[in-house]
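Heads up, the thing below is written out as structure tokens.
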Amino acid sequence: MFKHGAGANQVIHVFGFRGSRDPSKRKAMMDKSAKVSDYYILTLDDLNNSTMSEMEETLNEFHQNYGKGEVIYDRTKAIERAIEFAEDGDWVVITGKGHESYKEEFELGTSNDLETVKTFKRQS
């Protein structure tokens, strides 16, 4: 079982699925996130060649089976929600995109996860 390290009160995990990728790995991703996080925010990484409605259906299907988090399609809004949800001593873990630029246009207009986090940190 996962144990929070170095004083983390809660782990809030932001991650998503990519369109046109191996859907057989998605259940394992949700299982792992549900196991190691206290709360997850499931979001969109990239549509690739999938439609938004296909990805919405996939995200909602997986969320319904776990229920200790939420689905926010806009990745920048998902990151914003995680930062707002976190309290002192919590860890926000954002996985999936890494150093990659966003392929979708999200509400905030930032180009990657780091830029998104920096934008919200400046506002707080």
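Below, all heavy atoms of this structure are taken into account, side chains as well, without hydrogens, waters or symmetry copies.
- Remark: Thr110 OG1 to Lys118 NZ distance equals 12.0 Å, nearest 0.5 Å.
- In this structure a side-chain-to-backbone donor-acceptor pair under 3.5 Å is present from Tyr102 to Asp113.
- Across all non-hydrogen atoms, the minimal contact from Asn9 to Asp38 is O-OD2, 4.1 Å.
- With values rounded to the nearest 0.5 angstrom, Asp74 atom CG is found 14.5 Å from Arg81 atom CZ.
- Both Met29 and Tyr66 sit in one connected hydrophobic cluster of ILVMFWY residues. Membership requires side-chain heavy atoms under 4.5 Å apart, directly or through other members.
- Within the 3.5 Å criterion, the main-chain N or O of Asn48 finds no donor-acceptor partner in the side chain of Asp46.
- If you take OG1 on Thr76 and CD on Glu104, they are separated by 12.0 Å, rounding to the nearest 0.5 Å.
- Residues Leu114 and Phe120 fall into different hydrophobic clusters, defined by Ile, Leu, Val, Met, Phe, Trp and Tyr side chains chained together at heavy-atom separations under 4.5 Å.
- What you find for Ile41 and Tyr39 is that their closest heavy atoms are CG1-CE2, 4.1 Å.
- Look at Lys77 and Glu80 and you find a salt bridge, because one of the NZ, NE, NH1 or NH2 atoms lies within 4.0 Å of a carboxylate O, short of that distance.
- Of the possible donor and acceptor atoms, one in the side chain of Asp90 sits under 3.5 Å from a partner among the backbone N and O of Gln10.
- Between the CD atom in Glu56 and the CG atom in Leu44 there is a gap of 9.0 Å [rounded to 0.5 Å].
- Between the side chain of Thr43 and the backbone N or O of Phe15, no donor-acceptor pair lies under 3.5 Å.
- Expressed to the nearest 0.5 Å, how far NE2 of His13 lies from NZ of Lys35 amounts to 14.5 Å.
- Remark: of the listed residues Ile72, Ile79, Val117, Val93, Ile79 is the sole one forming a side chain to side chain contact (heavy atoms under 4.5 Å, CB included) with Val14.
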